[in-house]
Amino acid sequence: MVDAYMTGLVKERKIPGAVLIVQQQERRLFSGNYGAYTAEDGSEQVILSNTLFDLASLTKVVATLPAILLLMSRNQVYITDPVQTYLPDFKYPLITIQHLLQHCSGLPADLTPVVKRQQHKRDILQEVLTSDVVWQPNEQVQYSDLGMIILGKVIEKVTGISLKSFVEQEIFKPWGMHHTCFQLPVHRRMLAASTEMVAGQFVQGIVHDEKAFLLDGIAGSAGLFSCVEDLAKYAEIWLGIKQQSVIPYEWLELAYTKTFKTRGLGFEVWGGDEASFCFGRRWSKGSFGHTGFTGTSIWMDPVKKAFVILLTNAVHYGRNTNMGRIREKLHTMIYEKLLI
């Protein structure tokens with residue numbers, strides 16, 4: 001049924017293609033790859049199980065979140081610290097690391113005016129640091145790219161190296177995520193599913209997100225490329241299915257148990273009573289995950305010890321995708337038909 005649904009989505013041109021993994025404990029319940037895409041050179045390329053995808057906002061929880069948790073576990077950063085402790089140019093003394101992680105800092109969702117790829121003269125970081133808040137801290141959840149860009153810069157300030165270098169050395173390498181990185185080298189770009197058409201050519205192996213693009217492909221909010229098996233390793237670690245010694249497990253657990261409304265630290269957390277939810281309403285209360293604008297998502301259930309990794313390049317057909325509805329239907333189907 002899941003296979004037929006995925007095949008139908010491609011056939012009906014709802015998505016160009018996808019890679020999907022469903023796992024519970026150590027049992028792989030489902031895996032499949034579907035469809036194809038038009039590469040930068042105009043050729044048709046089939047999506048394989050090892051195809052790389054632009055993770056978009058999954059970067060926030062796959063790179064930025066574990067990096068900041070690692071620094072917290074080493075007592076190099078404290079969750080209640082004001083952002084100004086690390087970035088004195090940031091103008092709000094009451095906004096803390098926790099506010100940024102829980103998307104309740106009061107910062108707006110995005111920059112105004114909206115960033116375009118060709119605006120090379122815009123100083124994105126300066127604009128982010130000097131953005132006006134739209135709410136007071138802890139007033140409400142306002143999902144914000146800006147807060148995560150700032151966290152990326154906090155990580156760089158504390159470690160003295162780039163976010164790219166820190167997460168690749170300290171997180172991805174020890175976790176066995178060898179195909180996950182910022183700034184895909186030129187020779188690996190053709191392994192990535194292309195995203196959107198820009199100026200008559202599909203963007204392939206270069207970040208789709210405009211702010212991350214103008215930040216040279218490295219940002220706390222977007223920029224990562226990865227494949228489904230690397231993200232399965234990530235999910236196994238987060239759910240305690242696989243052991244590791246990088247970040248103590250209690251810190252990983254904190255990310256989905258320390259909540260403010262619908263947000264953990266970085267993650268969206270299912271509270272069990274929201275009227276609608278893009279991952280469906282069947283999953284255990286406390287299940288958590290994240291989405292990415294390109295069409296990517298990770299969903300994890302700490303009660304069932306189960307996870308779903310869905311990687312698509314839905315924006316290949318344009319930005320007006322129906323990924324919210326697709327995700328809801330798919331994850332409900334997976335819960336009802338595949339989980340034990």
For residues 140-157, run the donor-acceptor check on the side chains, cut-off 3.5 Å, and write out each pair with its distance to 0.1 Å, sequence neighbours left out.
| residue | atom | partner | partner atom | Å |
| --- | --- | --- | --- | --- |
| Y143 | OH | S57 | OG | 3.1 |
| Y143 | OH | K60 | NZ | 3.0 |
| S144 | OG | P108 | O | 2.6 |
| S144 | OG | L146 | N | 3.1 |
| S144 | OG | G147 | N | 3.4 |
| D145 | OD1 | K60 | NZ | 2.7 |
| D145 | OD2 | K211 | NZ | 2.9 |
| K153 | NZ | E156 | OE1 | 2.9 |
| E156 | OE2 | L163 | N | 2.9 |
| K157 | NZ | Y86 | O | 2.9 |

Side chains of residues 329-340: which donor-acceptor pairs under 3.5 Å do they make with residues two or more places apart or in other chains?
| residue | atom | partner | partner atom | Å |
| --- | --- | --- | --- | --- |
| H331 | ND1 | R327 | O | 2.8 |
| T332 | OG1 | E328 | O | 2.8 |
| E336 | OE2 | R282 | NH1 | 2.7 |

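Under a cut-off of 6.0 angstrom, the local environment of CD in E26 is sparse, with at most 12 non-hydrogen atoms contributed by other residues, nucleotides or ligands. No more than 12 heavy-atom neighbours from other residues, nucleotides or ligands sit within 6.0 angstrom of CZ on R27.
Using modelled atom types, one finds a donor on one side chain and an acceptor on the other under 3.5 Å when comparing Q23 with E236. T180 and D230 are linked by a side-chain donor-acceptor pair at a separation below 3.5 angstrom, with hydrogens and angles left out of the test.
Here V186 sits alone; no ILVMFWY side chain lies under 4.5 Å from its own, so it joins no hydrophobic cluster.
With sequence neighbours left out, C104 forms a side-chain contact (heavy atoms from CB on, under 4.5 Å) with H99, Q102, N138, F260. With sequence neighbours excluded, no residue forms a salt bridge (Lys or Arg N to Asp or Glu O under 4.0 Å) with K261. Residues satisfying the salt bridge (Lys or Arg N to Asp or Glu O under 4.0 Å) criterion with D123, sequence neighbours excluded, are absent altogether. Annotation: side-chain contact (heavy atoms from CB on, under 4.5 Å) contacts of P174 (sequence neighbours excluded): V246. The side-chain contact (heavy atoms from CB on, under 4.5 Å) test applied to N75 returns Y78, not counting sequence neighbours. Legend: residues meeting salt bridge (Lys or Arg N to Asp or Glu O under 4.0 Å) with E127, ordered by chain and number and at least two apart, are R122. Residues satisfying the salt bridge (Lys or Arg N to Asp or Glu O under 4.0 Å) criterion with E40, sequence neighbours excluded, are absent altogether.
Rounding to the nearest 0.5 Å places CG of L215 at 12.0 Å from CD of E210. Residue F279 holds its CZ atom at 9.5 Å from CE of M300, rounded to the nearest 0.5 Å. Atom-to-atom distance recorded for I124:CD1 and D216:CG is 11.0 Å, nearest 0.5 angstrom. Note that CG of L29 and CD1 of I21 are 11.0 Å apart. Values are rounded to the nearest 0.5 Å. How far CD1 of I79 is from CD of Q98: 4.0 Å, rounded to the nearest 0.5 Å.
Taking each heavy atom of V167 and A67 in turn, the nearest pair found is CG1-CB, 3.8 Å. Closest approach of F172 to V62, counting heavy atoms only: CE2-O, 3.4 Å. Heavy-atom minimum distance, A63 versus L224: CB-CD1, 3.8 Å. The minimum heavy-atom distance linking R188 with H179 is given by the pair NH2-O, 3.5 Å.
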E170/R74 under salt bridge (charged side-chain N to carboxylate O under 4.0 Å, His left out): CA gap, chis, key distance, verdict: CA-CA 12 Å; E170 301 284 346; R74 292 175 175 174; 2.9 Å; yes

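Under the 4.5 Å side-chain contact rule for hydrophobic residues, V228 and F293 do not share a cluster. One hydrophobic cluster holds both I309 and I47 under the rule that ILVMFWY side chains link at heavy-atom gaps under 4.5 Å.
For residues 2-20, the set of pairs meeting the salt bridge (charged side-chain N to carboxylate O under 4.0 Å, His left out) definition, not counting sequence neighbours, comprises E12-K14. Counting only residues at least two apart or on different chains, the ring-ring contact (aromatic ring centres under 6.0 Å, His included) pairs with a member in residues 309-329 are F202-H316.
If you run side-chain contact (heavy atoms from CB on, under 4.5 Å) between K91 and each of V83, L129, D132, only D132 comes through. Partner of W238 under the ring-ring contact (aromatic ring centres under 6.0 Å, His included) criterion, chosen from Y256, F267, F307: F267.
Between H290 and L65, the closest side-chain pair of non-hydrogen atoms is not below 4.5 Å. Counting heavy atoms from C-beta on, the side chains of F213 and V203 never come closer than 4.5 Å.
Put simply, the side chain of Y234 gets close to the backbone of V61: a donor and an acceptor are under 3.5 Å apart. Of the possible donor and acceptor atoms, one in the side chain of S194 sits under 3.5 Å from a partner among the backbone N and O of T38. When atom types are taken as modelled, the side chain of S287 and the backbone of W270 share no donor-acceptor pair closer than 3.5 angstrom.
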